[in-house]
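For reference, the structure discussed in these notes is given below.
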Amino acid sequence: MGVGGPQRTTVDEALLRGDASDVAPRLLNLLLVHGQEVGRIVEVEAYGGARDAASHAYRGRTRRNASMFGPPGVLYVYLSYGLHHCANVVCGAEGTAGAVLVRALDPVSGIDAMRRRRSGATSKERLCAGPGRLCAALGIGGDCDGTDLLDVRSAVTLADDGTAPPLEPLVGERVGIGLRAGPAARLQWRFAVPGARSISRPFPRAGRDPLS
DNA sequence: GGGGGGATTCGG
DNA sequence: CGAATCCCCCCG
């Protein structure tokens, strides 16, 4: 057999139909593709709708978050802190808000182009370790908001090379959620591939209870 | 119409 | 730790 690597297929919409917290861990080890630049999704976070105080959609639809209400498979891109773009895979039924934030990729190909876009980054494992970093590396900007990730003709797509998601992903609280989000800040809606090289920030050590 | 805060990142 | 810098929310 050839050494060209496993065949890449598109992702079925059925994978994305559920709630964000159910869909998120199933996106681990899929590929995010923009032209020649390809990265493996190794860290994600789930964001819901009206019941998730940490979600952009908590207070309903706005111009910014409109894509979150779209059909599953749409790309939701927003500008964070006026500087960095962040990419989400929209999930759940059309009309309901739900999305999975892609927080880190392991670079697979197009690494030279990624480095060019991220002039500061040197090491491969930092290239796409963070939601803003990976968008910069892949060239995903606001113009990509609303893209259909399941359409092979799109500039940005999701792909599956046959690597299954981990049976036991790392699980933790979402990053950067302020106290104003209330109990939603403690939801264990962050997931990652154990042992992945590119993780945006460490997960707290599991296996011990706090001293409460 | 104004002010505060953010799903971030980098440099000092 | 603070700056960069835009969108959105809430209050008046």
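Just so we're on the same page: letters track the sequence lines, and every chain starts at 1. None of the values given here were measured: they were computed from a predicted structure.
Shown here for A:M68 and A:G48, the closest heavy-atom pair between the two residues is CE-O, 3.8 Å. Across all non-hydrogen atoms, the minimal contact from A:V42 to A:I199 is O-CD1, 3.9 Å. Across all their heavy atoms, A:L16 and A:C91 have their closest contact at O-CB, 3.1 Å. Minimum interatomic distance between A:Y47 and A:A20 (heavy atoms only, all atoms of both residues): O-CB, 3.4 Å. The shortest non-hydrogen separation linking A:A136 to A:R118 is CB-CD, 3.8 Å.
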Can you give me every donor-acceptor pair (side chain of residues 107-116 of chain A, partner residue at least two apart or in another chain, under 3.5 Å) with its distance?
| unit_1 | atom_1 | unit_2 | atom_2 | d |
| --- | --- | --- | --- | --- |
| A:S109 | OG | A:Q36 | O | 3.2 |
| A:R115 | NE | A:T122 | O | 2.9 |
| A:R115 | NH2 | A:T122 | O | 3.1 |

Can I get a per-line list of side-chain donor-acceptor pairs under 3.5 Å for residues 98-106 of chain A, giving both atom names and the distance, sequence neighbours left out?
| unit_1 | atom_1 | unit_2 | atom_2 | d |
| --- | --- | --- | --- | --- |
| A:R103 | NE | A:E43 | OE2 | 3.0 |
| A:R103 | NE | A:S200 | OG | 3.2 |
| A:R103 | NH2 | A:S200 | OG | 3.1 |
| A:D106 | OD1 | A:S198 | N | 2.9 |
| A:D106 | OD1 | A:S198 | OG | 2.6 |

What side-chain donor-acceptor pairs closer than 3.5 Å can you find for residues 149-156 of chain A, not counting sequence neighbours?
| unit_1 | atom_1 | unit_2 | atom_2 | d |
| --- | --- | --- | --- | --- |
| A:D151 | OD1 | A:R153 | N | 2.8 |
| A:D151 | OD1 | A:R153 | NE | 3.0 |
| A:D151 | OD2 | A:R153 | NE | 3.4 |
| A:D151 | OD2 | A:R153 | NH2 | 2.8 |
| A:S154 | OG | A:D148 | O | 2.6 |
| A:S154 | OG | A:D151 | O | 3.3 |

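Whole-Å rounding puts the A:R201 CZ to B:dA7 P distance at 13 Å. Following rounding to the nearest Å, A:I140 (CD1) and B:dT8 (P) show an atom-to-atom distance of 16 Å. In this structure, the CG atom of A:L79 is 7 Å from the P atom of C:dC7, given to the nearest Å. Distance A:Y58 OH to B:dG5 P: 18 Å, rounded to the nearest Å. Distance, A:Y81 OH to C:dG2 P: 15 Å, rounded to whole Å.
For residues 47-72 of chain A, the pairs satisfying salt bridge (charged side-chain N to carboxylate O under 4.0 Å, His left out) are A:D52-A:R174, with sequence neighbours left out. Under the side-chain hydrogen bond (donor to acceptor under 3.5 Å, both in side chains) criterion, the residue pairs touching residues 70-97 of chain A are A:H56-A:Y76, with sequence neighbours excluded.
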Show each protein N/O and nucleotides 9-12 of chain B N/O combination with a separation under 3.5 Å, one pair to a line.
| unit_1 | atom_1 | unit_2 | atom_2 | d |
| --- | --- | --- | --- | --- |
| B:dT9 | OP1 | A:P131 | N | 3.1 |
| B:dT9 | OP1 | A:G132 | N | 2.8 |
| B:dT9 | OP1 | A:R133 | N | 3.1 |
| B:dT9 | O4' | A:H84 | NE2 | 3.2 |
| B:dC10 | OP1 | A:R118 | NH1 | 2.6 |
| B:dC10 | OP1 | A:R118 | NH2 | 3.3 |
| B:dC10 | OP2 | A:R133 | NE | 2.8 |
| B:dC10 | OP2 | A:R133 | NH2 | 2.5 |

Could you go over nucleotides 9-12 of chain C and give all protein N or O partners under 3.5 Å, atom names and distances?
| unit_1 | atom_1 | unit_2 | atom_2 | d |
| --- | --- | --- | --- | --- |
| C:dC10 | OP1 | A:R59 | NE | 3.0 |
| C:dC10 | OP1 | A:R59 | NH1 | 2.5 |

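Remark: nothing in residues 87-101 of chain A comes within less than 4.0 Å of DNA chain C through any heavy atom. The stretch residues 37-54 of chain A touches DNA chain B through A:Y47, A:A54, each having a heavy atom under 4.0 angstrom from the strand. Contacts with DNA chain B (heavy atom under 4.0 Å) in residues 15-33 of chain A: none are found.
Between the side chains of A:D161 and A:T163, at least one donor N or O lies within less than 3.5 Å of an accepting N or O.
The side chain of A:R63 contributes no N or O atom lying less than 4.0 Å from OP1 or OP2 of C:dC7.
At least one donor-acceptor pair closer than 3.5 Å links the side chain of A:N65 to the backbone N or O of A:G60.
Atom CZ of A:R126 has 12 or fewer neighbouring heavy atoms from other residues, nucleotides or ligands inside a 6.0 Å radius. Dense packing is recorded around CZ of A:R117, with more than 12 heavy atoms of other residues, nucleotides or ligands lying under 6.0 Å away.
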Using Watson-Crick and G-U wobble pairs with both distances under 3.5 Å, what is the 5'-to-3' dot-bracket string of DNA chain B, with [ ] for crossing pairs and | for pairs outside the strand?
-> ||||||.||||.
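Under a hydrophobic-cluster definition in which Ile, Leu, Val, Met, Phe, Trp and Tyr are linked whenever side-chain heavy atoms come within less than 4.5 Å, directly or via other members, A:F69 and A:V77 are assigned to different clusters.
Remark: A:S55 pairs with no residue by the side-chain hydrogen bond (donor to acceptor under 3.5 Å, both in side chains) rule, at least two apart or across chains.
The side-chain heavy atoms of A:V193 and A:N29, taken from C-beta on, include a pair separated by under 4.5 Å. A:L15 has its side chain out of reach of A:D160: every pair of non-hydrogen atoms, C-beta onward, lies at least 4.5 Å apart.
Backbone-only contact: A:R64 has heavy atoms under 4.0 Å from sugar-phosphate atoms and none from a base.
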